[in-house]
Amino acid sequence: MDLPAHEASRLIAVVTGRPPHAARKEDLTSRQSAALAALVARRLAGEPLQYLEGSAAFGPLEVAVDRRALIPRPETEGLWELAVAALGDAGPGTTIVDLGTGSGVLALALKHAFPAARVIGTDDRDDALALAAENAARLGLDVEFRCGDLFDALPGTLLGRLDLVVSNPPYVAEHEWDGLPVEVRGYEPRHALVAGPTGTEVLERIADDGYWWLGVGGYLLCEIGENQGPSMELAYGAFDRHIRRDLTGRDRYVVARKGSPCCV
Ligand SMILES: C[S@@+](CC[C@H](N)C(=O)[O-])C[C@H]1O[C@@H](n2cnc3c(N)ncnc32)[C@H](O)[C@@H]1O
């Protein structure tokens, strides 16, 4: 087996159903050994470990993942943390929207942080929304999922009334797709990653429409590509806004607020 030891023990855990620290190759039955060999072959071909395990950690949650949606990334946990700090508190009148929810992670983690708030996750792919709804049911989190193109998924009664909008939208440019690692390009949905010729198309639409959907004082936080900070300063010019960095020091988030100083 040519896998790093920590990956091998995680795959042994998949076939035995035991935690990785307690899963030993020596204890496998012949059926489990065959199942492990199949998983190792898929991993060596490039399939992401999380798809083979069928789950991924995100903040306080563990969610199911499969090829219907993007695997949640550590950078997106940073977006969740910023959003929690920005909103601070939320009562029953608070409405939070996650645009492009995929597996549902941001919407679910926000509902976990603000149980009294109404939380809506949207996506334009029914299969991703089905996965998000399965995750919500398993975690017992009451999140509403709606299908549609960005804000079109929302009821018109929410126009001008949203308190917090978060999004990790597609932000890869078409010409960058071929340069992505095979783990990403060969397995994750292209639609979840590629925005268009420049990569900033979806982020710009969220800025334009988001201004009208937010209430005064509402926050809009998006994940961005590391080279997109300067163009997002311009695109989010109607807001008080800041570009924030991820843990590796790269520009990664635009934090914007309508009609009030932006405090995170
Ligand atoms: C980068 S993935 C993020 C998934 C999830 N929020 C996360 O952070 O792991 C982007 C998601 O946006 C969805 N999406 C792409 N274009 C969209 C659009 N125009 N309207 C709604 N959803 C869209 C994709 O289907 C995908 O699930």
Side-chain angles (χ1 to χ4, degrees), residues 48 50-51 54-84 96-113 119-136 139 141 143-154 162 164-174 176-177 180-181 183-185 187-210 213 220-226 228 246 252-254:
Q50 293 91 334
Y51 282 161
S55 66
F58 186 87
L61 307 178
E62 182 84 18
V63 294
V65 291
D66 60 35
R67 291 179 70 170
R68 290 176 286 179
L70 192 87
I71 296 165
R73 305 291 203 269
E75 302 89 282
T76 311
E77 293 182 75
L79 182 67
W80 171 69
E81 285 172 5
L82 282 172
V84 170
I96 298 172
V97 170
D98 170 25
L99 295 173
T101 199
S103 61
V105 280
L106 276 168
L108 294 166
L110 285 165
K111 183 67 182 178
H112 183 271
V119 180
I120 304 172
T122 79
D123 208 284
D124 63 352
R125 292 292 151 114
D126 284 322
D127 56 352
L129 287 170
L131 175 63
E134 287 159 26
N135 278 322
L139 294 166
L141 291 167
V143 170
E144 207 176 311
F145 292 106
R146 303 177 71 102
C147 191
D149 179 28
L150 299 181
F151 291 97
D152 289 354
L154 300 176
L162 302 180
L164 170 67
V165 175
V166 296
S167 186
N168 172 23
Y171 56 75
V172 173
E174 279 164 1
E176 293 172 326
W177 176 251
L180 295 180
E183 279 203 24
V184 175
R185 191 168 28 93
Y187 297 91
E188 296 193 280
R190 187 181 195 276
H191 173 74
L193 291 157
V194 175
T198 67
T200 54
E201 289 85 349
V202 181
L203 284 160
E204 286 161 3
R205 289 178 55 212
I206 292 173
D208 292 346
D209 294 348
W213 283 91
L220 171 53
L221 288 87
C222 293
E223 188 170 318
I224 65 173
E226 64 188 75
Q228 294 170 342
D246 63 20
R252 185 63 62 199
Y253 316 103
V254 55

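In listed order, ligands and their atoms are each counted from 1.
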- Given H191, E201, R68, which one has a non-hydrogen atom that is nearest to atom 15 (C) of ligand 1? H191

- Task: Write out the residue and atom name of the closest protein heavy atom to atom 1 (C) of ligand 1, then the distance separating them to 0.1 Å.
- Result: A192 O, 2.9 Å

- Message: Please give me the minimum heavy-atom distance between D123 and G100, naming the atom from each residue.
- Response: OD2-C, 3.4 Å

- At under 4.0 Å between heavy atoms, which part of D124 makes contact with ligand 1: side chain, backbone, both or neither? both

- Message: So does E226 get a backbone contact from the side chain of Y171, meaning a donor-acceptor N/O pair under 3.5 Å?
- Response: no

- Main-chain N/O of I71 paired to E188 side chain as donor or acceptor, under 3.5 Å: yes

- Of all the non-hydrogen atoms in the protein, which one sits nearest to atom 20 (N) of ligand 1, and at what distance? L150 N, 2.9 Å

- Task: Start with the C-alpha distance between R68 and D66, add both sets of side-chain angles, then the distance that settles salt bridge (charged side-chain N to carboxylate O under 4.0 Å, His left out), and finish with yes or no.
- Result: CA-CA 5 Å; R68 290 176 286 179; D66 60 35; 2.8 Å; yes

- Message: I'd like to know if L193 contacts ligand 1, where contact means a heavy-atom distance under 4.0 Å to any ligand atom.
- Response: no

- Message: Please tell me whether Q228 and T200 have a donor and an acceptor in their side chains that are separated by less than 3.5 angstrom.
- Response: no

- Message: Only heavy atoms of D149, strictly under 4.0 Å: list the atoms of ligand 1 that pass.
- Response: 18 (C), 19 (N), 20 (N)

- Message: Given T101, V63, L70, L131, identify the one with the heavy atom nearest to atom 5 (C) of ligand 1.
- Response: T101

- Does an N or O from R125, backbone or side chain, lie closer than 3.5 Å to an N or O of ligand 1? no

- Message: Check this for me - ligand 1, G100, N or O atoms closer than 3.5 angstrom, yes or no?
- Response: yes

- Task: Could you give me the CA-CA distance, side-chain angles and deciding distance for L110 and L164, then say whether side-chain contact (heavy atoms from CB on, under 4.5 Å) is met?
- Result: CA-CA 10 Å; L110 285 165; L164 170 67; 4.2 Å; yes

- Task: Starting from atom 25 (O) of ligand 1, locate the nearest protein heavy atom and write down its residue, its atom name and how far away it is, to 0.1 Å.
- Result: D123 OD1, 2.7 Å

- Message: Assess the residue pair D98 and V143 against the criterion (side-chain contact (heavy atoms from CB on, under 4.5 Å)); give the C-alpha distance rounded to whole Å, side-chain angles, the decisive distance to 0.1 Å, and a yes or no.
- Response: CA-CA 10 Å; D98 170 25; V143 170; over 6 Å; no

- Query: Which ligand 1 atoms are under 4.0 Å away from a heavy-atom of V105?
  - Reply: 7 (C), 9 (O)

- Determine whether any heavy atom of P170 lies closer than 4.0 Å to an atom of ligand 1. yes

- Query: Hey, does N168 have a side-chain heavy atom less than 4.5 Å from the side chain of L70?
  - Reply: yes

- Go through N135 and L61 one step at a time and tell me if the side-chain contact (heavy atoms from CB on, under 4.5 Å) criterion holds. CA-CA 10 Å; N135 278 322; L61 307 178; over 6 Å; no

- Is there a nitrogen or oxygen of N168 sitting under 3.5 Å from a nitrogen or oxygen of ligand 1? yes

- In terms of atom number and element, which parts of ligand 1 are under 4.0 angstrom from non-hydrogen atoms of G148? 20 (N), 21 (C)

- Message: At less than 4.0 angstrom from any non-hydrogen atom of T76, what atoms of ligand 1 do you find?
- Response: 8 (O)

- Item | Verdict with reasoning, V65 to Y51, per side-chain contact (heavy atoms from CB on, under 4.5 Å) | CA-CA 6 Å; V65 291; Y51 282 161; 4.3 Å; yes

- Going by distance only, is there an N or O of T122 that falls short of 3.5 Å from an N or O of ligand 1? no

